[in-house]
Visitor: 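My questions all concern the structure below.
Treat the numbers as computed from the prediction; the structure is a model and nothing was measured.
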Amino acid sequence: MKKLFQWLSLTLLLISTHVTLANENRITKDLTQFDYPFLLGDWVLINRAPVDESQDYHSIHLKLQSDYSFFIQIQKLDNTMEYWDGSYEVSGDTLVLGANSLDPQQYSFVNSHNRLMLNGVTFFKMLSRSLSGAWMSEKLTGDDMNALSVNKMLLILQPDFVFYFKASNAHGKEVLHKGVYYLEDDHLVLVYENGELNTTFSVKNNEMKLSSDDGGMTALLTKLQ
């Protein structure tokens, strides 16, 4: 409760903290302990020159997970699909797909929060439309919310994996955060200037349910249209 209390304390200071946003099927996972967190997610490469027969694909979808497993789906020019999955390894600027296979594939990589370059080829990170957008609180409950008199919360998750967060109380005081984020399954990590926020979430019918791990906060947010 103390860390959540600090993160929502109504000052304009950025305070490092930890909170959990949970759903009915809660899973314990701390993505902040993963060594290469910005590698996680769904990456896509679109063929911009489909008439080039040397590039026999429409798109390539690469998924990298925190258990060091990967999945690749290739849509060919004739619209057939090819698939490959297995384990991967990362060391420095080297990524090895199919690390335990008979034919491992080694790539040099550079990445940011939303781009991944493999041997100079750029993939872009994909975000579900159901999660992308601006979320405004409809209901806030819990001891921490009451103690801080928080009555409004806004979370904006942009498709370029930049976020904005604002919380305010009945006296008009506000706390603001801006940063980047990454996610896996129902886990979402917000990374800002002086810290990061490890969360889980659930989304259904344009509503997001958020709950702190100690029960100090429960929030229901609605997507703004």
Side-chain angles (χ1 to χ4, degrees), residues 23 25 27 29-133 135 156-163 179-191 198-204 206 208 223:
N23 65 8
N25 299 312
I27 303 173
K29 181 189 293 187
D30 186 357
L31 296 181
T32 64
Q33 300 304 305
F34 188 71
D35 290 336
Y36 300 87
F38 289 117
L39 278 179
L40 301 177
D42 294 279
W43 302 92
V44 65
L45 172 64
I46 304 297
N47 186 355
R48 304 298 182 184
V51 295
D52 184 351
E53 295 183 356
S54 67
Q55 300 182 18
D56 183 23
Y57 67 91
H58 279 301
S59 64
I60 300 175
H61 173 199
L62 168 64
K63 185 179 185 68
L64 298 173
Q65 298 182 283
S66 61
D67 62 356
Y68 289 95
S69 66
F70 76 91
F71 171 80
I72 293 179
Q73 174 183 286
I74 303 174
Q75 182 182 6
K76 309 282 282 187
L77 290 178
D78 61 4
N79 287 322
T80 59
M81 308 295 287
E82 291 187 358
Y83 305 94
W84 184 32
D85 61 8
S87 62
Y88 70 91
E89 295 178 351
V90 188
S91 178
D93 60 356
T94 301
L95 172 68
V96 180
L97 299 179
N100 297 322
S101 70
L102 296 177
D103 186 24
Q105 303 294 311
Q106 181 172 305
Y107 302 88
S108 62
F109 79 92
V110 177
N111 76 299
S112 66
H113 64 285
N114 60 11
R115 295 189 182 191
L116 171 64
M117 293 184 64
L118 296 178
N119 289 353
V121 177
T122 301
F123 288 70
F124 293 89
K125 187 176 285 189
M126 298 186 300
L127 178 65
S128 168
R129 291 184 180 179
S130 65
L131 187 59
S132 176
W135 299 88
I156 300 175
L157 299 174
Q158 297 186 169
D160 61 356
F161 289 85
V162 172
F163 81 89
V180 298
Y181 64 95
Y182 58 92
L183 69 156
E184 180 178 87
D185 301 327
D186 60 349
H187 295 258
L188 169 70
V189 179
L190 308 177
V191 182
N198 188 19
T199 74
T200 63
F201 65 94
S202 65
V203 175
K204 184 178 181 180
N206 289 327
M208 182 186 294
K223 180 180 284 189

Visitor: Would you please test Ile46 and Phe124 for side-chain contact (heavy atoms from CB on, under 4.5 Å) and show each step?
Guide: CA-CA 9 Å; Ile46 304 297; Phe124 293 89; over 6 Å; no

Visitor: Counting N and O atoms only, with roles assigned by atom type, does the side chain of Asn100 sit under 3.5 Å from a partner on the main chain of Ser87, one being a donor and the other an acceptor?
Guide: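 Between the backbone of Ser87 and the side chain of Asn100 there is no qualifying donor-acceptor contact (under 3.5 Å).
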
Visitor: Testing the basics here: between Phe109 and Asn111, what is the closest heavy-atom pair and its distance to 0.1 Å?
Guide: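 Looking at all heavy atoms of both residues, the shortest contact is CE1-OD1, 3.5 Å.
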
Visitor: Given side chains that start at C-beta, do those of Met208 and Lys223 come closer than 4.5 Å, heavy atoms only?
Guide: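 No, their side chains stay 4.5 Å or more apart.
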
Visitor: If you round to the nearest 0.5 Å, how far is CD1 of Ile72 from CG of Leu64?
Guide: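 CD1 of Ile72 is found 8.0 Å from CG of Leu64.
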
Visitor: Can you confirm whether Tyr181 sits close enough to Leu127 that some side-chain heavy atom of one is under 4.5 Å from a side-chain heavy atom of the other?
Guide: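 Contact flag for Tyr181/Leu127 side chains = yes.
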
Visitor: Just by distance, no angles: are the side chains of Asp30 and Thr32 close enough, under 3.5 Å, to form a donor-acceptor pair?
Guide: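 Yes, Thr32 and Asp30 have a side-chain donor paired with an acceptor closer than 3.5 Å.
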
Visitor: Could you tell me whether a side-chain N or O of Gln105 sits under 3.5 Å from a main-chain N or O of Asp103, the two making a donor and an acceptor?
Guide: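 Judged by distance alone, yes, a pair lies under 3.5 Å.
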
Visitor: Could you pull out the closest heavy-atom pair between Trp84 and Leu97, with the gap in Å?
Guide: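 So the two residues come closest at CH2-O, 3.7 Å.
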
Visitor: Could you list the residues that satisfy salt bridge (Lys or Arg N to Asp or Glu O under 4.0 Å) with Glu82, not counting sequence neighbours?
Guide: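 With sequence neighbours excluded, Glu82 shows a salt bridge (Lys or Arg N to Asp or Glu O under 4.0 Å) to Lys76, given in chain and number order.
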
Visitor: When you look at Leu95 and Tyr36, which way does the side-chain contact (heavy atoms from CB on, under 4.5 Å) test go after all the steps?
Guide: CA-CA 11 Å; Leu95 172 68; Tyr36 300 87; over 6 Å; no

Visitor: Using the test side-chain contact (heavy atoms from CB on, under 4.5 Å), find all partners of Lys125 that sit at least two apart in sequence or belong to another chain.
Guide: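 Testing Lys125 for side-chain contact (heavy atoms from CB on, under 4.5 Å), a comparison that skips the adjacent residues, returns Trp43, Phe161, Tyr182.
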
Visitor: Just so I know, are the side chains of Tyr83 and Asp85 near enough to count as touching, which here means a heavy-atom distance under 4.5 Å?
Guide: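 Answer no - side chains too far apart.
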
Visitor: Within this structure, what is the CG-NE2 distance for the pair Leu77 and His58, rounded to the nearest 0.5 Å?
Guide: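 If I round to the nearest 0.5 Å, the distance is 5.0 Å.
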
Visitor: Quick one: does Gln75's side chain get under 4.5 Å of Gln73's, heavy atoms only?
Guide: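 No, side chains not in contact.
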
Visitor: Once you round to the nearest 0.5 Å, how far does OG of Ser66 lie from CG of Asp35?
Guide: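 Separation between the atoms: 11.5 Å.
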
Visitor: What orientation do Phe70 and Tyr88 show, parallel under 30°, tilted 30 to 60°, or perpendicular over 60°?
Guide: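 Rings of Phe70 and Tyr88: perpendicular, over 60°.
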
Visitor: Which heavy atom in Val203 sits nearest to a heavy atom in Ser130, and how many Å separate them?
Guide: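 Where Val203 meets Ser130 most closely, the heavy atoms are CG1-O, 3.7 Å.
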
Visitor: Main chain of Ser108, side chain of Asn119: is a donor-acceptor contact present, judged purely on distance under 3.5 Å?
Guide: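 Yes; judged by distance alone, with no hydrogens or angles, the pair exists.
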
Visitor: Using 0.5 Å steps for rounding, measure from the CG atom of Leu40 to the NE2 atom of His113.
Guide: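 The NE2 atom of His113 is 14.5 Å from CG of Leu40, to the nearest 0.5 Å.
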
Visitor: Can you tell me how far apart CZ (Phe123) and NE2 (His61) are? Round to the nearest 0.5 Å.
Guide: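 So the CZ of Phe123 and the NE2 of His61 are separated by 10.5 Å.
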
Visitor: With a 4.5 Å heavy-atom cut-off, do Asp93 and Val110 have their side chains touching?
Guide: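 When only atoms from C-beta onward are counted, Val110 and Asp93 do not touch, as no gap falls below 4.5 Å.
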
Visitor: Return the CG to OG distance between Leu157 and Ser132, rounded to the nearest 0.5 Å.
Guide: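 The OG atom of Ser132 is 7.0 Å from CG of Leu157, to the nearest 0.5 Å.
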
Visitor: How about Tyr57 and Leu45: do any of their side-chain heavy atoms sit closer than 4.5 Å?
Guide: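 When only atoms from C-beta onward are counted, Leu45 and Tyr57 do touch, with a gap below 4.5 Å.
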
Visitor: Counting C-beta onward and ignoring hydrogens, is there a side-chain heavy-atom pair between Arg115 and Met117 closer than 4.5 Å?
Guide: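 Side-chain contact under 4.5 Å: no.
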
Visitor: With no hydrogens and no angle check, is any side-chain donor or acceptor of Asn114 less than 3.5 Å from a backbone partner on Asp160?
Guide: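 Checked: pair present.
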
